[in-house]
Structures are given as structure tokens and as C-alpha cells.
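Note that these values count all heavy atoms, side chains included, but never hydrogens, waters or copies made by symmetry. Letters go in sequence order (proteins before strands), and every chain restarts at 1. Given the structure is predicted, the values throughout are model-derived calculations rather than measurements.
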Amino acid sequence: AAVGKKVLDAGWFAARSTEVDFTGVELTTTHPPHSDQAPWLKAVVPGTVLATLVKNKLVPDPFYGLENESILDIADSGREYYTFWFFTTFECKLSTNQHVDLNFRAINYSAEVYLNGHKEVLPKGMFRRHSIDITHILNPDGENLLAVLVYPPDHPGRIPPEGGQGGDHEIGKDVAAQYVEGWDWMAPIRDRNTGIWDEVSLSITGPVKIVDPHLVSSFFDNYKRAYLNTTVELVNKSDSVAECSLTIQVGTELEGDVYLV
Amino acid sequence: VHLQTQQLSIPAGSSVQYTLPELFFYKPNLWWPNGMGKQSLYDVEITVNVENHGESDSWSQHFGFRKIESYIDSNTGGRLFKVNGKPIFIRGGNWILSDGLLRLSKKRYETDIKFHADMNFNMMRCWGGGLAERPDFYHYCDIYGLLVWQEFWITGDCDGRGDPVSNPNGPLDHDLFLLCARDTVKLLRNHPSLALWVGGNEQVPPEDINTALKKDLQLHPYFETSMDCEHSLKDIC
């Protein structure tokens with residue numbers, strides 16, 4: 001596998017959790033779903049549960065007319081109605097001393113991840129990244145089955161008849177976007193934006209991984225003298241000392257009629 | 001091109017925080033907000049090679065040299081901004097989010113943000129009831145020169161000033177709030193367009209959260225002072 005990031009944004013299916021009879025272990029080992037079999041739908045990832053339901057025309061688009069009124073609100077349906085499975089497969093074959101992480105850049109609001117029969121819990125919080133080292137749970141044949149059970153916010157709240165800014169404000173108990181209960185400029189979002197709402201990716205590295213570099217520039221002599229300070233976290237995933245050479249390169253885009261020969 | 005390589009050993013199964021010796025730039029092309037100059041961006045690439053293995057990982061990011069300052073003006077009580085030492089009159093727009101079903105795409109972000117730049121805005125205010133915006137949002141704000149005022153997830157209505165008053169002490173789990181805030185700062189902090197972190201909308205976060213955020217977001221003193229005097233311009237030239 002080439003070193004770098006591989007985004008998983010195609011070939012996702014989704015299904016309402018109450019309509020799936022298998023466990024996450026079964027879905028990712030003996031009973032993987034097939035896209036054209038109900039209750040499975042083609043899913044929008046990244047996106048929300050409602051985005052997937054709208055895409056499959058199972059609910060009207062909430063942004064037209066009063067269509068939003070005809071979509072069942074989570075306060076009436078209960079959280080399980082918007083608790084959804086998301087499923088996909090991916091290829092990944094590592095060479096010796098390579099490692100791979102599965103990354104979720106944002107999930108709303110918490111989730112359980114199943115990969116080839118192994119389970120990991122993604123803790124609560126709409127604005128946090130999750131990264132799981134899956135090096136040792138990849139399938140030897142390279143074909144991997146991934147299922148994610150996504151739960152809505154803990155406090156979805158109930159929209160009072162008069163609406164209002166933030167509905168009954170219950171959503172404020174969670175660390176999540178608050179507009180979803182409706183505001184003076186916005187109707188309530190029925191699923192409270194539950195879903196895998198940002199990028200899912202694999203990051204393939206050798207024994208040492210670069211994490212969250214921090215670039216800071218400082219200026220002196222009226223901006224004539226500038227320094228670029230760089231701090232990185234380096235993680236050695238192997239079981240032996242890693243002798244590394246760390247290189248930073250800073251270049252500018254070629255402009256105008258300057259060409260690189 | 002500026003290039004620098006350092007050798008280091010990392011013990012098995014561990015992680016290290018490493019600060020490279022700083023890179024010196026003489027008169028770098030500065031990044032300016034929309035309407036004040038060019039949004040000069042550099043390509044920063046960091047690579048780690050491991051002995052007997054080869055390239056192990058790499059990371060790249062657009063980076064803009066700029067200094068953004070802001071303070072409350074004692075006369076007006078308003079917040080004044082300076083970029084690279086020059087005062088700037090803020091023409092800002094409220095930003096909630098691209099789409100209520102979070103169908104967020106690069107194309108949509110570019111269109112929305114270029115639209116605001118074409119309207120001669122120079123700041124986007126990301127409202128506390130919406131999202132911590134995504135890297136793609138900031139990428140296009142870097143390109144089109146829109147400074148970003150990014151609020152954390154506190155609003156007056158939901159956190160202690162609504163009617164009826166609700167959640168006077170904000171979210172139930174303050175540690176979770178700070179974990180999300182710290183991770184969000186790490187996700188977004190290298191973008192030149194990021195101008196200001198703000199506790200919330202029409203409300204100060206609960207005391208413990210606000211104090212922790214202020215402490216976490218201070219610039220490390222290491223970056224405050226000029227290098228030792230031998231690095232004077234004369235010597236370098």
C-alpha cells in the first residue's frame with residue numbers, strides 16, 4: 001500500500017438499526033449486506049442520516065415548502081429511529097513494517113465501529129477526530145468489511161409548539177451543534193444532524209507516523225526577518241528503535257512567467 | 001525553497017514531540033486579507049524517513065506568513081484588528097453552515113466563500129450554534145483572503161440566557177467540551193485565515209471552560225521573543 005491518505009467516500013450503504021437483525025460482528029464476517037437488499041440503502045458519507053433518506057427519496061427534501069413538517073422528528077420517533085448502520089468495504093494490503101489507521105474526522109454523536117469482526121467504541125462528541133490502528137485486524141486477502149453504528153446526540157430535545165431559538169435547549173447539554181433544534185432563521189433538523197458527517201480515511205505509514213504538526217511564524221525588523229517554527233508529534237508504532245531523518249521543505253508556488261527547469 | 005533535515009531516534013512503541021530548529025526567511029511574501037494585498041501561500045511539506053525502511057510518512061499544508069492582532073478599543077469598546085501591523089476595517093459576514101444536512105463539499109465551500117470575497121468581505125464569523133468549520137472551509141478562506149472568527153459551541157439561548165433560562169452551567173460534560181475544543185484547535189490551527197477563537201455567541205462559556213480555553217490558546221512564550229541578537233539582519237545579509 002502506498003504511504004499516505006486514502007479517503008473512503010464511495011460504496012457506503014446504510015440501514016436503520018431497528019431493521020437490521022445482525023450484529024456488527026456478523027455484518028463484518030458472515031453476513032455482510034448487499035446494496036440492493038432492503039433495508040440497505042445507498043448512503044451519503046460524509047453526510048447525515050437525513051441526507052441519506054433524502055437521497056433515497058424516503059423523505060421529502062426538508063428545504064422545499066413545508067416538507068419539513070412531514071418528516072418525523074426524533075422527539076416523536078425516539079433516538080433508535082435515527083440510529084443507523086453504515087457499511088462499506090475497502091482493499092488494503094500492507095508490506096512489512098507498514099501500519100494503517102482508520103480515521104473519522106467527525107461523527108455526530110457517538111458510534112461503534114466493527115471491522116472484520118473486531119469492535120471499537122467511538123466516544124461521544126460531535127467535534128472530535130477518531131483514529132484507530134487497524135494494522136493487526138486487516139483481512140489477509142486484502143478485502144475488509146467495515147460497519148459503523150451511529151447514535152444521535154444524547155439530548156435531542158423536543159421542539160415546543162412555538163418553536164424558538166434552540167427549541168427546549170436540551171441539545172445544549174451535549175457538545176454538538178445547537179442550531180439543529182431550530183432557530184429564528186431555521187426550522188428544526190429532524191435527525192439533529194446524526195451521522196458520519198466528515199471525512200473517513202485510511203492513513204498508511206511506515207513504522208513512524210507524523211501527527212498534528214504545528215506551524216508558527218514570528219516576525220522581527222518590521223516583517224523583514226521571519227522565522228517558521230515547526231513542532232511535530234512523531235509516533236513510533238514498531239517494536240524497535242526508529243532512526244529517523246525528519247525533513248521540512250518550504251516552497252512557493254511558481255508565479256507568472258517563472259518556470260521550473 | 002527552504003530545506004532542512006534533522007536526525008532523531010524514537011524509542012520503540014513511543015511518541016515524541018519534536019520542534020525543528022526554526023527556518024529563517026528574509027522578507028517572506030506575506031499573506032494579506034481580501035482587499036489588502038496578495039494571499040501569498042507557501043507549500044510546507046514534512047517527511048519522515050526511517051533507516052532500513054525509507055519514507056514512513058509525509059504531511060503537507062498551505063501556509064501563509066501573517067501576524068494577526070486584535071484588542072478591545074477602550075474608546076469604542078469594539079474589537080480592533082491588525083494584520084501584519086496594519087489596521088483593517090472588518091467587513092464581516094455571519095456564517096452558519098453550508099447545508100442543514102451537512103452535505104459539505106469542496107465545490108460548495110469554494111463557491112460560497114468566493115461569493116463572500118467577491119462581495120468584498122474580509123471576515124467570516126462562524127456562529128457558535130453551528131459547526132467548528134472544516135479544513136476545506138478554511139482552505140478556501142486561505143485562498144480568498146477571508147479571516148475567520150470561529151466560535152466554540154456555546155450560545156446564549158441554550159447556555160444560560162434563554163427564556164426559560166436553560167443549562168446555566170453549559171454542557172453536562174465539561175471535560176468532553178475541552179477535549180473537542182483542543183482537538184478542533186489542532187485540526188485548524190495552521191490555517192492563515194484563522195484569526196480569532198471566540199468562547200460562544202452572546203454568552204461567556206462556564207468559568208472553568210473559559211479559563212481553560214484562554215490558557216490553552218495563549219501563544220507559547222518560546223515564539224514571543226526574537227532570536228539571540230547575533231541573528232541580526234546585518235549578519236544574515
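Of the listed residues K209(A), K173(A), E233(A), the one with more heavy-atom pairs under 4.5 angstrom with chain B than any other is K173(A). Among T231(A), T247(A), D154(A), the residue making the largest number of heavy-atom pairs under 4.5 Å with chain B is T247(A). Between chain B and the options L50(A), V208(A), V235(A), V180(A), heavy-atom pairs under 4.5 Å are most frequent for V208(A). In terms of heavy-atom pairs under 4.5 Å with chain A, the best-connected choice from A181(B), A132(B), G128(B) is A132(B). For the set G125(A), S240(A), G166(A), the count of heavy-atom pairs under 4.5 angstrom toward chain B peaks at S240(A). Interface summary for chain B: among G206(A), G157(A), P207(A), P213(A), the most heavy-atom pairs under 4.5 angstrom belong to P213(A). Annotation: maximal heavy-atom pairing with chain B below 4.5 Å, among R129(A), R128(A), Q165(A), occurs at R129(A). The most heavy-atom pairs under 4.5 Å with chain A, out of G170(B), G64(B), G85(B), come from G85(B). With respect to chain A, the highest number of heavy-atom pairs below 4.5 Å among T184(B), L179(B), D99(B), T19(B) belongs to T19(B). Most heavy-atom pairs under 4.5 Å with chain A: of the set F152(B), Y42(B), W153(B), this distinction falls to W153(B).
Of the atoms belonging to S95(A), not a single heavy atom falls under 4.5 Å from chain B. Contacts between P62(A) and chain B at a heavy-atom distance below 4.5 Å involve the side chain alone, from C-beta outward. Proximity to chain A involves both the backbone and the side chain of D43(B), based on heavy atoms less than 4.5 angstrom apart. Proximity to chain A (any heavy atom under 4.5 Å) is shown, for R182(B), by neither the backbone nor the side chain. With a threshold of 4.5 angstrom between heavy atoms, V54(A) approaches chain B through side-chain atoms but not through N, CA, C or O. Interface residue L3(B): backbone and side-chain heavy atoms are both found under 4.5 Å from chain A. With a 4.5 angstrom heavy-atom cutoff, H99(A) does not touch chain B via any of its atoms. For I96(B), the part sitting under 4.5 Å from any heavy atom of chain A is the side chain, from C-beta outward, and nothing else. Both the backbone and the side chain of T155(B) have a heavy atom closer than 4.5 Å to some heavy atom of chain A. Neither the backbone nor the side chain of A187(A) comes within contact range of chain B; no heavy atoms are under 4.5 Å apart.
Exactly one residue among L234(A), V250(A), I248(A) makes a side-chain contact (heavy atoms from CB on, under 4.5 Å) with I46(B). That residue is I248(A).
Shown here for S56(B) and V3(A), the closest heavy-atom pair between the two residues is O-CG1, 3.6 Å. When all heavy atoms of A106(A) and R134(B) are compared, the closest pair comes out as CB-NH1, 3.7 Å. Heavy atoms only, all atoms of each residue included: K124(A) and L176(B) are closest at O-CD1, 3.1 Å. I10(B) approaches C244(A) most closely through the heavy-atom pair CD1-SG, 3.9 Å. Heavy-atom minimum distance, S166(B) versus H169(A): OG-ND1, 2.8 Å. Across Q7(B) and S245(A), no two heavy atoms sit closer than the pair OE1-CB, 3.3 Å.
Taking OG of S15(B) as the start and NZ of K237(A) as the end, the distance is 10.5 Å to the nearest 0.5 Å. Atom CD of Q178(A) and atom CG of N167(B) lie 8.0 Å apart (nearest 0.5 Å). Rounded to the nearest 0.5 Å, atoms CG (L246(A)) and CG (N49(B)) are 9.5 Å apart. Taken to the nearest 0.5 Å, the CZ atom of F63(B) stands 5.0 Å off from the CG atom of L228(A). Distance check, rounded to the nearest 0.5 Å: CZ of R225(A) to CZ of F24(B) gives 7.0 Å. Y179(A) OH to N201(B) CG: the interatomic distance, rounded to the nearest 0.5 Å, is 15.5 Å.
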Check: Going through the distances and angles, do V216(A) and H220(B) end up as a side-chain contact (heavy atoms from CB on, under 4.5 Å)?
Finding: CA-CA 10 Å; V216(A) 181; H220(B) 193 283; over 6 Å; no
Item checked: Test side-chain contact (heavy atoms from CB on, under 4.5 Å) applied to L131(B) and M126(A), step by step -> CA-CA 9 Å; L131(B) 306 176; M126(A) 180 176 179; 3.6 Å; yes
Next item on the list: List the steps, then state whether side-chain contact (heavy atoms from CB on, under 4.5 Å) holds for L187(B) with F127(A).
Entry: CA-CA 10 Å; L187(B) 178 68; F127(A) 301 107; over 6 Å; no
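Looking only at distances, no side-chain donor or acceptor of Y223(A) sits under 3.5 Å from a matching main-chain atom of L30(B). One N or O on the side chain of T48(A) and one on the backbone of L101(B) form a donor-acceptor pair closer than 3.5 Å. A donor-acceptor pair is defined here as one N or O able to donate and one able to accept, closer than 3.5 Å; such a pair exists between the side chain of N190(B) and the backbone of L215(A). Under the 3.5 Å distance criterion, the side-chain polar atoms of R189(B) are matched with a main-chain donor or acceptor of D212(A). Counting only distance, with no hydrogens or angles, the side chain of N236(A) and the backbone of P11(B) share a donor-acceptor pair below 3.5 Å.
Contact of the P135(B) side chain with the R105(A) side chain is registered, since non-hydrogen atoms from C-beta on lie closer than 4.5 Å.
Below 4.5 Å, heavy atoms of chain B meet heavy atoms from I189(A), N193(A), W197(A), D198(A), all part of residues 188-198 of chain A.
Open room surrounds NZ on K186(B); 12 or fewer heavy atoms of other groups in view lie less than 6.0 Å from it.
Classified by interplanar angle (parallel below 30°, tilted 30° to 60°, perpendicular above 60°), the ring pair W183(A)/W127(B) is perpendicular.
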